[in-house]
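Every chain is numbered from 1 and lettered A, B, ... according to where its sequence line falls, protein lines coming before strand lines.
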2 protein chains.
Amino acid sequence: MSTEPELSPLTPRAAEIVSAARVLLEEEGRDALTVRALADRLGIRAPSLYKHFSDKAAVEAALMERGLAETGAALHAALDAALHATPPGEPIGAVLRAYRRIGLAHPNLYRLTTSGPLPRQRLAPGLEEWAGTPFFLAAGEPYLAQALWSFAHGMVILELDGRYPEGSDLDRTWAEGAQAFTARRPRGGVERPGAEARG
Amino acid sequence: MSTEPELSPLTPRAAEIVSAARVLLEEEGRDALTVRALADRLGIRAPSLYKHFSDKAAVEAALMERGLAETGAALHAALDAALHATPPGEPIGAVLRAYRRIGLAHPNLYRLTTSGPLPRQRLAPGLEEWAGTPFFLAAGEPYLAQALWSFAHGMVILELDGRYPEGSDLDRTWAEGAQAFTARRPRGGVERPGAEARG
DNA sequence: CCTCCATGGCTAACTTTGTTAGCCAGACTC
DNA sequence: GAGTCTGGCTAACAAAGTTAGCCATGGAGG
């Protein structure tokens with residue numbers, strides 16, 4: 001269990017703004033996350049927000065950090081629980097289930113965090129990699145890990161966007177994917193991820 | 001090989017507008033696809049576009065139809081080629097390679113077509129399903145098919161968005177996924193997809 | 001031939017959005 | 001007590017999608 005990287009520091013007021021932004025985003029969707037609407041929630045005027053953040057993208061970057069941190073924490077916890085259970089559980093299945101759960105729990109934050117290019121300069125260093133590490137630990141091998149991560153993201157985002165036909169049994173589709181990837185997992189237990197193809 | 005559904009009919013002028021929109025989108029990105037910029041390319045003023053489309057979303061829907069149609073055509077062709085080759089090729093690998101190729105060939109159109117909810121009322125009926133059918137034909141079973149599709153979409157969108165670590169060997173990751181899914185493909189060849197969990 | 005009207009342009013203008021400029025009140029520091 | 005930092009404010013702008021309403025062209029029907 002690696003320790004979580006520290007998020008970019010925020011003043012108390014900035015932290016309040018990010019909290020309000022998160023509620024607004026989650027309750028009313030991405031289009032509703034507007035500078036004026038956010039200011040309204042805080043009882044101030046839109047331009048005042050610029051005393052705390054350089055632009056709207058900076059607020060979104062702070063939200064993305066929270067999304068990454070919570071995702072990473074959930075995945076690390078699920079992996080640890082699986083590995084330390086008696087008998088140990090299947091790590092790939094455990095990570096996949098945790099990933100789906102966190103994506104569906106905060107759909108708009110998930111979308112914000114995972115869609116489009118990441119503003120990496122604005123994110124705490126190491127955070128993105130830390131959040132993805134459980135896939136590497138569960139897969140035991142970097143190529144399988146990236147394939148697993150891609151599958152998981154594809155499943156969540158297509159479900160959130162309503163792209164599956166009505167009535168699809170997605171539990172079964174997730175199980176199918178988990179079995180396909182688990183079958184290719186190298187025996188010999190979990191290894192540290194190699195340096196060459198992480199993420 | 002099923003026949004492609006007909007796209008929604010367009011007047012000649014509307015077709016010109018969609019063509020211009022496509023060039024604009026592909027050359028300058030999604031943010032550049034603005035009503036005024038599109039009008040500029042056509043040598044007219046922005047409000048004139050509303051004589052041909054009810055709103056910007058209608059132009060985007062026409063673009064999505066083209067994206068779905070081209071994707072579907074490429075996937076059906078790749079699957080047919082694999083199945084009718086001597087000796088027959090591996091259908092899952094063939095469909096995956098074609099999917100990646102078409103996504104990377106038109107990144108902005110791919111993103112537009114596959115991100116966010118689909119405006120299904122504005123799309124030619126049957127088109128979405130037809131485009132996805134090759135996954136079902138290649139997988140031979142609907143749950144594996146949806147898992148395969150999710151994997152493919154996750155891979156393409158994460159690559160387009162630059163989410164993989166620099167230097168990742170994505171060819172190898174694609175191959176890893178192809179092997180994982182191929183191993184679970186039901187023997188006995190390709191079946192028609194069932195009605196219950198298509199897409 | 002002349003009228004009618006559908007087609008497809010146009011200008012002007014409005015709303016919403018992100019953003020900047022510049023002012024000001026309170027609080028803390030030297 | 002003077003100054004400066006903090007965090008509000010109003011006014012205003014540019015870019016976006018969109019609407020209202022005017023006008024030229026051109027083909028159809030009498």
### Query
More 5' along DNA chain D: Ala46(A) or Arg36(A), using each one's nearest nucleotide?
Ala46(A)
### Message
Any salt bridge linking Asp171(A) with Arg97(A)? Criterion: basic side-chain nitrogen under 4.0 Å from a carboxylate oxygen.
### Response
no
### Summary
From CG of Leu38(B) across to C1' of dT18(D) the rounded distance in Å is 15 Å
### Query
In whole angstrom, what separates Ile44(B)'s CD1 from dC10(C)'s C1'?
10 Å
### Message
In this structure, how many angstroms lie between the C1' atom of dA16(D) and the CG atom of Asp31(A), rounded?
### Response
13 Å
### Query
What is the distance, rounded to the nearest whole Å, between atom CG of Asp40(A) and atom C1' of dT16(C)?
13 Å
### Query
Does a side-chain N or O from Thr34(B) land closer than 4.0 Å to OP1 or OP2 of dA15(D), or not?
no
### Query
Below 4.0 angstrom, N of the basic side chain to O of the carboxylate: do Glu60(A) and Arg66(A) qualify?
no
### Spacing of Glu28(B) atom CD relative to dA16(D) atom P, expressed in whole Å
12 Å
### Message
Nearest whole Å is fine: how far is dT18(D) C1' from Lys56(B) NZ?
### Response
12 Å
### Task
Whole angstrom is fine here: how far is it from CG in Leu33(A) over to C1' in dT17(C)?
12 Å
### Message
Taking 4.0 Å as the cut-off, does a side-chain nitrogen or oxygen of Ser48(A) come that near to OP1 or OP2 on dG7(D)?
### Response
no
### Query
Do any side-chain nitrogens or oxygens of Arg45(B) fall under 4.0 Å of OP1 or OP2 in dA12(C)?
no
### Message
Using OP1 and OP2 only, check whether a side-chain N or O of His52(A) sits under 4.0 Å from dT6(D).
### Response
no
### Query
Do you know which two heavy atoms are closest between Ser8(B) and Glu65(B), and how far apart they sit?
OG-OE2, 2.6 Å
### Message
Which is more 5' along DNA chain C, the nucleotide nearest Pro47(A) or the one nearest Lys51(A)? Just name the residue.
### Response
Pro47(A)
### Task
Would you mind classifying the nucleic acid contact of Arg13(A) as base, sugar-phosphate or nothing, using non-hydrogen atoms under 4.0 angstrom?
sugar-phosphate
### Message
Here's a test of your reading of the structure: between Ile17(A) and Ser54(B), which maps to the more 5' nucleotide of DNA chain D?
### Response
Ile17(A)
### Protein-nucleotide distance (Glu16(B), atom CD; dT7(C), atom P), rounded to Å
17 Å
### Query
Taking it one step at a time, do Tyr143(B) and Ser168(A) satisfy side chain to side chain donor-acceptor pair (under 3.5 Å)?
CA-CA 9 Å; Tyr143(B) 303 100; Ser168(A) 293; over 6 Å; no
### Message
If you compare all heavy atoms of Arg163(B) against all heavy atoms of Thr114(A), which two are closest, and at what distance to 0.1 Å?
### Response
NH2-CA, 3.3 Å
